[in-house]
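Inspection log for the structure reproduced underneath, given as structure tokens.
When reading the values below, keep in mind they use all heavy atoms of this one structure, side chains included, and skip hydrogens, waters and symmetry mates. Letters go in sequence order (proteins before strands), and every chain restarts at 1.
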Amino acid sequence: MTDYRAPLHDIDFVLNRVCGLDRILSLPGYIEVDSSVVRDLMSEAARFMEEKVAPLNRVGDVHGVKRNADGSITTAPGFIEAYQAYVDAGWGAVPFDMGFGGGGFPWMVGVALQEILTSANMAFSMCPLLTQGAIDAIMHHGSEEQKMTYLPKMITGEWSGTMNLTEPDAGSDVGAVRTRALRQPDGTYLVTGTKIYISFGEHDMADNIVHLVLARTPDAPPGTKGISCFIVPKFLINPDGSLGRRNDVSCVSVEHKLGIHASPTCVLSYGDQGGAVGYLIGEENRGMQYMFTMMNQARLSVGLQGLSLGERAYQQALRYARERRQGRAPGAPAGESSPIIDHPDVKRMLLTMKVTNEALRRLTYWNAACIDVANHHPDATEREWAADLAALLTPLSKGWGTDMGVEMTGLAVQIHGGMGFVEETGVAQHYRDARIATIYEGTNGIQAIDLVGRKLGLRGGEVVKRHLDAIAEAATRVKKHPDLAEAAKALETSLQATRRATEWLMAHATDPLSMLSGATPYLRMLSTVTAGFLLAESALIAREHAAEVGESVVAERVASARFFCEQLMPASDGLVGAVTGDAQLLMSSI
Amino acid sequence: MKVIVCVKQIPDPATPGALDPSSNTLKRDGKLILDESDAYGVEMALQLVDAAGGGEVNLVSMAPNSETAGLRTALAMGAAKAVLVSDPALQGSDALTTAKVLAAAVQRLGGADLVIAATESSDGYTGTVPEQMAEVLGLPSVTFAKKVAIDGGVLKADRQTEAGYDEVTCSLPALISVTAGVVEPRYPSFKGIMAAKSKPVDEVKASDLGVTPVGWAGAGQTISNVAQAEARAAGEIIEDDGESFGKIVAFLEGLKVI
């Protein structure tokens, strides 16, 4: 049996009550079904992930992956079978275009599935996740022929995908990419260079691997304006669709890592035998732009990893805290040791994990709902506003989501005490796995810079203003409920501090040093007050639908909103000083 | 070839169940799921139909509140259609009434070459419904099958016994109960779940099937008493003094397992 159970009740609540699944499903272009279908999908997917994928999490951590002498990779025991079962079940297809074999469901539903898959096994989930990113890029910018050639098999999962951006000297600075692509008379390109940190760059779970590679053509302008994006399949595709000869790309080594051991992180060498055949996506020199269109979704997915690991770690910590007996809790009979969950400090850690996970679920699903509206709403104004809101929320989902992933899995280790520090309990794995998520897909520092540098200025500041006004409006509604009055007060206080920080940053928009120095604390402030808002709003929604959701759900929602707003959120108010503080002090020290 | 599978929809065993104090029966007002022990029968049926080169798998189920969640799972696995008997009048029905109702549902589907049931449900455990159904339907009954094949119109089953297994052959049509593990049930696929939404579920009442009396009125069984299960006794801890294997052997001999 597995030790993970998908939190279907809260997922259902967030999808339907908080994010208006019915409204999203009714947008043009999605499959015509009602939300009960989504409920069925979620419960069957959950059973599959819990029983088939989750038990391999520890196996993968212990065994890792092995690179063989011929450059092939052997994944951990059970991974090939589980991936085949995943492909057979068809879960990867759910949120994609029906024209290419997808299920036609909203991205938000895909995100909910992704939460469960990632909780079950983050290293395993990397394969479908990278495939999803590659599908997204080809879907938006590929030619019709490229779409027909690659998408159907990638959507089923028979072929996986990768994203090849990073090189030894081009990490956060993607513009420094040196991989070359030489145009051939037949219109294809020969790609030569070395890419590093390529997740599932080589593996034994899928028949083919479709690499998306950023490279430069010989006459390309320097920096990000001279980057093109290529499809480089591991096996070339014959005209009849069958797999042809092996392309000139090989895995020359795999990294030894802190976490996600079962996800092969490859160094890929292109063109050792003259050049790998690549197919240009769109036009030359527009590769960076193409990457940006899929970035919201990719960054949201990584933010979700924080939630997924936080949730799995929470479940494990809760179980342990109920079983483990130490010391006597307040009010417990003398001479008896209490389950540690009865100790207030342990309870505080557990509750912090629980409500933070709930907040992250609301933030990330809402972010996905905005992406759905941005892509499918019939009204252009609605689409544009939703796109801007999604753009504002994405660095919060990614940055705050993964920061919290590390903090919450850290609390799970703490609750386990010494048993958390030894590997046998398996809880340390979540902490190690969570650590990469703050780094890749744009470090959290980059997320913060993106927030203050690009997102605050959207529509001259109108996007963030509308968001903060919505929080203010919610606070006045929350205030009317006596049991939530304190929470509403805290929300207003935090909002005030966030407004001050926002205005200060806007006023310093032309002073990069001040903006960049305050970026990270500001991301936390805005994320935290947004989380408080979403939890408070959830409490009101539950109360409004008390007859349907039941009194116990109302009580749980109120408790979550109160604990987060009254006890966790206020800590971030103090960050206003870090946002507006003396940047020269920062720069002149050390 | 047509196979009908009896499927029970039960409260999720992962969440603690409760008895209704007024009737001492299990509360079934929440969401119900497919009894895992029936997933084996559904899979077995799908494989037999597949091996026969064609045909279909139908389902019969009796559940309160028009519940179809468990049926949808079985339909998503690949069954073609279902008859659901849902009727407040059925509350309190005993095993024999259940067997009569399900047998009538089988007849409503026009009968089958083979009817499959689990050996017992995971929430009631009476373990008598399949045999009673066979009697009502006038079919041969094969029980506790751990391996099933159909060869030239003849059912061949390995029947689990305490000592090992019996090889049983039986003419069709027949009713067979299968043990958990007879086959590995498939997970419903995304496409299967979508397809299941439009598969027909024929919901009927006991009176539509002509079965009377039902419920408490028709029950030949009564629930005379309900008691807490005995708390599990503390285990015995044997300190290893280098000779403790002898004590373990003696313990296992005491249980007559070696």
For atom [atom1] of [X], decide whether the heavy atoms of other residues, nucleotides or ligands shown that lie under 6.0 angstrom number more than 12.
X: Glu36(B); atom1: CD; result: no
X: Met148(A); atom1: CE; result: no
X: Lys199(B); atom1: NZ; result: yes
X: Lys147(A); atom1: NZ; result: yes
X: Glu548(A); atom1: CD; result: yes

Atom [atom1] of [X] and atom [atom2] of [Y]: how far apart are they, to the nearest 0.5 Å?
X: Met194(B); Y: Ile31(A); atom1: CE; atom2: CD1; result: 3.5 Å
X: Ile33(B); Y: Arg47(A); atom1: CD1; atom2: CZ; result: 7.5 Å
X: Ile193(B); Y: Ser43(A); atom1: CD1; atom2: OG; result: 7.5 Å
X: Asp12(B); Y: Leu8(A); atom1: CG; atom2: CG; result: 10.0 Å
X: Leu34(B); Y: Glu44(A); atom1: CG; atom2: CD; result: 8.5 Å
X: Leu113(A); Y: Phe190(B); atom1: CG; atom2: CZ; result: 8.5 Å

(request) Find the one option among Lys197(B), Arg72(B), Lys191(B) whose heavy-atom pairs under 4.5 Å with chain A are most numerous. (result)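 Looking at each option in turn, the highest pair count goes to Lys197(B).
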(request) Select one option (side chain, backbone, both, neither) describing which atoms of Phe105(A) are under 4.5 Å from chain B's heavy atoms. (result)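 The answer is the side chain of Phe105(A).
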(request) Can you label the angle between the Phe48(A) ring and the Tyr187(B) ring as parallel, tilted or perpendicular, going by 30° and 60°? (result)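 Taking Tyr187(B) first and then Phe48(A), their aromatic rings stand perpendicular (interplane angle over 60°).
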